Amino acid sequence: MAGDKRSPMTPTAQIRNFSVVAHIDHGKSTLSDRLIQETGGLTAREMKEQVLDNMEIERERGITIKAQTVRLHYRAKDGLDYVLNLIDTPGHVDFAYEVSRSLAACEGSLLVVDASQGVEAQTLANVYQAIDNNHEIVPVLNKVDLPAADVDRVKAQIEDVIGLDASDAVLCSAKTGLGITDVLEAIVTRLPPPKGDETAPLKALLVDAWYDAYLGVVVLVRIIEGRMTVGQKLKMMQTGAGYQVDRLGVFLPKATPVDSLGPGEIGFLTASIKEVADAAVGATITDEKRPTAHELEGFKVAQPVVFCGLFPVDAADFEDLRAAVGKLRLNDASFSHEMETSAALGFGFRCGFLGLLHLEIIQERLSREFNLDLIATAPSVIYKITLTNGDVLELHNPADMPDPVRIESIAEPWIKATIFTPDEYLGAVIKLCQDRRGSQRELSYVGTRAMVVYDLPLNEVVFDFYDRLKSISKGYASFDYQLEEYRTGDLVKMSILVNAEPVDALSMLVHRNRAEARGRSMCEKMKDLIPPHMFVIPIQAAIGGKIIARETVRALRKDVTAKCYGGDASRKRKLLDKQKEGKKRLRQFGKVEIPQEAFIAALKMDDD
Amino acid sequence: MSTAPPALGVYVHWPYCARICPYCDFNVYRHRGRQAEQAALVDAIAADLVAHRALAGDHTLVSIFFGGGTPSLMDPADVARLIALCRRLWTPAETVEISLEANPTDAEAQHFAALADAGVTRLSLGVQSLEHGALKLLGRNHGAEEAARAARLARGLFPQLSLDLIYALPDQTPGAWAAALEKALTLDPDHVSPYQLTIEPGTAFDRAVRRGTLIPPDDARGADLYDVTQHILSVHGYSAYEVSNHARGPAAMARHNLVYWRGEAYVGVGPGAHGRLRRDGGWVATEAARTPTAYIQALSDKGLGHAQVDILTAQDRAEERLLMGLRIEEGVRWDEIAALDLHPGSERIAGLAAHGWVRSDAHGLRATPEGRRLLDGIIRTLIV
């Protein structure tokens, strides 16, 4: 055991902390795995493919949700032993804040670009964040072994689009192992070592935290100054909460205990912390008795930007859903939930997410890990409503919209969207953005790929924008966005009325110009989803009292059992009992019964 | 002064058929090769009738119905024996309607005279169609001309003749159905039961629908054909006294089936037969053992054919009364459905009445001819 505890002796000059910036599929995980293997962190037998992406969903989608870290021991060509800490950051904009904290824990980054595909939208957003964190950046061209690799073109692209000198870019193939030593040498020689006074009061950055079924909350920290030891009493500077360190360790990548962590080091701690919410990413950790004078900059509480209602398909599963969201929340403080009741869908939760991917991941985890059958209402954003009396409300749920006569104005969040697309799909991409009320900011070419930058209202993007983009570009376009600002807009609440009764789960805020098209498509969908009743059922889309679209479900003309004699009475009665049972899956709106399945189908976000 | 005991109908289930029709979901078995079992079954049915008399007490016997299966395959002597037994066990009404279901084949027609002699007063003939293509599709073992022949023979032998017909066959237009119905009426029946083809789960037709080789009629086409049926039969003097039953005058109404729709007592004997009997001031539902073997066994073990007897709660009984009673013109009395909290002032009833689907008065609740076409929906509105 003692032999593993070698960290205290590593001088900061021999530590390098770095992260990897890359677009999905450009080989970030493969490169990380290869670096671990090359430095002997795992034997070939232990080496499972892509060790860093260990959550099932992360594996499938090829994305990282939680920051992961691994410590590599490398003897460089100068003969010295180096400790290289790799922080694998979440690659998606939804987790931009987590990315920024992971980057803040490092001094440099590898910018990994696929040598055949070139720079993509996500590459840009992440590399700019690294630059903002004053990182030294080493461009790495991966997959140079592929026949389609075009090193010169991609180098030129990095220089043109990002503005980085790519003449010293490292060429490698994470898959074959080609150039991996060059990558390691570049880390040692081109990235700066951390600085920090070991004798100063403890100052550490909380990089990430997650819930472990055996250890409780595990916190990933980067020591900035001072030293952290087992048994030490710590204080979270933002909340003032105190904890005693139970365990310290590093990931090699297997969790390995250490006695203490010094300046520049990255490791984990456990301290009987109950919930991940108590260990906010970006927080400053210090010594309880001898605190540091200044907390680290850039701390903020993650704010959900996309909301939707989640309801169990079977109302009896509500308690299971409550338990499941509670458990997820233990491990993901950025996901919020509060109870909601809907006339259409019964009891459920209004949940807030960092973005669409986050929403999808949570939904998937609920159904996969907790085996829940869920209906999600259409995603919505936070609207800021200014009332005539000057009050400003944040609206998370269209159902809570105040009376329009009390509303002075409504503002909605806008984003800056960056889209890379092969030339031949540019027309379709531009049309999609225009249809979604976008305004073009930039259009430029990088070889045969176009880069368009659009200002778009987020509420148009949450409504299946990404799926549409993928479909019109046959999967080739890449997309990334940043939240920009709130702008007032001509937004109206559109209600769907079934037999003159409003159906709360289907109401939404839309731009006046888009209302009619959206309303028409919703009415058409509902018309096919509501089974005929004994009477004609009008389905209407309305803004206030004004009907903007209408469809009709025709009346059932015949509904009677042909034969009913002495032997049929019991059977018919049992059928009625079954129908009484089945009625629980129907939602009653006035005289109309709408099957639960209709809501699920209507709320599926396929537009146009 | 003693009043007559309450009315009772007796249903005898004869489960054998020469062949099984692809739309039929009844409790039926192949006829061939089961002669010994059939003899044992007649004895078992007779024993069950005796047991039922002890259970039900005295009643006024108003009807006996031999259903199936194909009871026209029974030995007429057995039919005569069971009729005589019923008449001995209960107090016969002045006229007892004795119905028997028959297939219109030449072979079975040979027994018609003997069945009439045995006491059958009403023959219910399963003609289904008088059109060759339709009969073939329905998997019937008789031709159109053969069926017409059987009907003409029956007409001369039985006081009452009823014809069963099936409509809403694939691609059947209202015009074609009208012609088929008119043709059936030339056989001069007293009573007609035209049924819309219903795809029952587990039947050959159900499998064909699943395979996509048979497209079931939708409600709109069903409604058009139903309307044609009502029109033609009323023009010819048949009144629609039930959803699928039309009679030439009150005397031609099926007394036995009225027992079901009016909620009177009935004894069910034979494999899988259902009964409704009064007990302890309420009602019980009886259901006989389902297979012939199990039924015969039950009689020899316990002297009773019931597999089960369920006590109907006041609500169960009221639901059945609503289900059955709204099918006929006379409807249900308020006191029969009080357990469902349905009364002249009910909001649910007012809503249905506003559409013209039901009519309520001091006596009770009735479905209108318009409403009868939507009866299942009306019942759901009232109960579910």
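Not measured: the values here are computed from a predicted model. In what follows, every chain begins at residue 1, and chains take the letters A, B, ... in the order their sequences are listed. Any value given below was found using the heavy atoms of this structure, including those in side chains, with hydrogens, waters and symmetry copies removed.
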A quick test of your reading: do over 12 heavy atoms of other residues, nucleotides or ligands sit less than 6.0 Å from CZ of Phe347(A)?
no
Is it the backbone or the side chain of Ile166(B) that comes under 4.5 Å from a heavy atom of chain A, or both, or neither?
neither
Taking distance alone, no hydrogens or angles, what donor-acceptor pairs closer than 3.5 Å link side-chain atoms of residues 538-549 of chain A to residues at least two apart or in another chain?
none

Among Pro532(A), Gly567(A), Cys564(A), who wins on heavy-atom pairs under 4.5 Å with chain B?
Cys564(A)
Options Leu312(B), Leu374(B), Leu323(B), ranked by heavy-atom pairs under 4.5 Å with chain A, top entry:
Leu374(B)
Atom CG of residue position Asn371(A) - does it have more than 12 heavy atoms of other residues, nucleotides or ligands inside 6.0 Å?
no
Could you please show the donor-acceptor pairs under 3.5 angstrom between chain A and chain B, with distances rounded to 0.1 Å?
unit_1, atom_1, unit_2, atom_2, d
Arg554(A), NH1, Asp219(B), OD2, 3.2
Arg554(A), NH2, Asp219(B), OD1, 2.6
Arg557(A), N, Asp219(B), OD2, 2.8
Arg557(A), O, Arg373(B), NE, 3.2
Arg557(A), NH1, Ala220(B), O, 3.3
Arg557(A), NH1, Asp224(B), OD1, 2.9
Arg557(A), NH2, Asp224(B), OD1, 2.9
Lys558(A), NZ, Gln196(B), OE1, 2.4
Asp559(A), N, Arg373(B), O, 2.8
Asp559(A), O, Leu375(B), N, 3.3
Asp559(A), O, Asp376(B), N, 2.9
Asp559(A), OD2, Gly377(B), N, 3.4
Asp559(A), OD2, Arg380(B), NH2, 2.7
Thr561(A), N, Asp376(B), OD1, 3.3
Thr561(A), N, Asp376(B), OD2, 3.1
Thr561(A), O, Arg327(B), NH1, 3.0
Thr561(A), O, Arg327(B), NH2, 2.9
Thr561(A), OG1, Asp376(B), OD1, 3.4
Thr561(A), OG1, Asp376(B), OD2, 2.8
Ala562(A), O, Ser244(B), OG, 2.7
Ala562(A), O, Arg327(B), NH2, 3.0
Cys564(A), O, Trp261(B), NE1, 2.9
Tyr565(A), OH, Tyr195(B), OH, 2.5
Tyr565(A), OH, Asn245(B), ND2, 3.0
Gly566(A), O, Tyr266(B), OH, 2.8
Ser570(A), OG, Arg276(B), NH2, 2.7
Arg571(A), NH1, Asp25(B), OD2, 3.0
Lys572(A), NZ, Asp376(B), OD1, 3.3
Arg573(A), NE, Glu320(B), OE2, 2.9
Arg573(A), NH2, Glu320(B), OE2, 3.1
Lys580(A), NZ, Glu319(B), OE2, 2.6

